[in-house]
Amino acid sequence: MGLTGLEIYKHLPKKNCKECGQPTCLAFAMQIAAGKAGLDACPYVSDEAKELLESASAPPVALVKVGKGEKVLEIGHETVLFRHDKRFEHPCGLAILVEDTLSEDELKDRVEKINKLIFDRVGQLHSVNLVAIKGSSGEAATFAKAVATARAVTDMPFVLIGTPEQLASALETEGANNPLLYAATADNYEQMVELAKKYNVPLAVSAKGLDALADLVQKITSMGYKNLVLDPQPENIYEGLFYQTQIRRQAIKKLFRPFGYPTIAFVLDDNPYQAVLEASVYITKYAGIIVLNTVEPANILPLITLRLNIYTDPQKPIAVEPKVYEILNPGPDAPVFITTNFSLTYFCVAGDVEGARIPAYILPVDTDGTSVLTAWAAGKFTPEKIAQFLNESGIAEKVNHRKAILPGGVAVLSGKLQELSGWEILVGPRESSGINSFIKQRWNA
Ligand code: SF4
């Protein structure tokens, strides 16, 4: 268990200079004890104190990176149990299983399908993150060949699942790409740690239940290796939820170091509904990586959407860039819709405009990513701001009219906006679903 705030405070410089971002050294010590600040924020801590406090100031859940380059997956570094307490830092990685018993063509085909699991959600591209290659053949050469075959068709990070011999063989070519090795167990951990150390790659630690897992992690960390991912081997989803919750709770609330690592969970049920359901539980609480056995987009899309919802920073609404958006190649006569730059608001308007086959311009005013009525109530969607955007966005050069459509919910702004902007302001429907009939009745009239 970590040190208390007062114990940490004893070793701080007690200058109360605020350079760490906290009002006093004591406040800083409390933040460290809660795992919400790192010791390196104070420039005056002595080397002796640093060494002493290192374990207390380490984040409650370590950061682990799998893969390299643009597609590197970062997991861990979490500081809260509940998203609304602050935010979750790193979305869990979704891995898709591939077995080395597939033929070369089948394996390539499956990995290519995994490559294509990319979805556009509220203007952002989201995808699965890893390929999990399992050495079901039991043979080192077969496994190494499967890993090389998969690498030829994807740049995604790998989870390599096999015996130490299989992993050693695959690492000769794949070691430089920082794969996650699965897994060190009570029987093989010394061999696995040597392999992980040799290639400096993350290592999954797998043991049945929390006590056995904590024991095994302690044995491995005492060998000097801490680049770990935890697997408590649940028998079913109920046990999985319990283990995941306990691991996160012990790491964050008790600073119990053996559980201060991200986790991996396997969801391999043949029934796709059950698999999606179980994976949803793990996305919510608290898997770092979830291994699935499906390449069906219909199974992956709900998980990607849920992950996006859970891992969106609640303090920062998702926003689109405030600029002129062109829908269906609009011409100079096309209508101009004003809205706000909250992503959901913008995409509702854009979807309804596109669905009605209306070539149009949409101008999402910068309201810090808040919706129309919220922005209006907060003074972020004002006639002055909208008029400025109308006049500076460049829309005047694209159309041969000066008419813009304001959301019906803020009709009260129309008079002042018309006066300030010099544009004729039409009060549009309250909901974007009314855009089609509004255009037929009012724009084309
Ligand atoms: Fe104290 Fe260091 Fe923070 Fe200054 S920067 S207030 S010395 S903890």
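When a ligand or atom number is given, it counts from 1 through the structure's own listing order.
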Query raised in the report: Would T154 and N115 satisfy side-chain hydrogen bond (donor to acceptor under 3.5 Å, both in side chains), going step by step from the backbone distance to the final call?
Result: CA-CA 7 Å; T154 188; N115 283 337; 2.7 Å; yes
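- Ring to ring, F389 and F381 are not that close: their centroids are 6.0 angstrom or more apart.
- Looking at K134 and D100, no side-chain N of the basic residue comes within less than 4.0 Å of a carboxylate O on the acidic one, giving no salt bridge.
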Requested in this report: Would you check, one step at a time, whether the test side-chain contact (heavy atoms from CB on, under 4.5 Å) holds for S432 with F337?
Outcome: CA-CA 10 Å; S432 63; F337 290 95; over 6 Å; no
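- Side-chain N or O atoms of K86 include none that pairs as donor or acceptor with a backbone N or O of F82 at under 3.5 Å.
- Contacts of E174 classified as side chain to side chain donor-acceptor pair (under 3.5 Å), with partners at least two apart in sequence or in another chain: R151, N177.
- Protein contacts to atom 1 (Fe) of ligand 1 involving N, O or S atoms at a distance below 2.8 Å are C25 SG.
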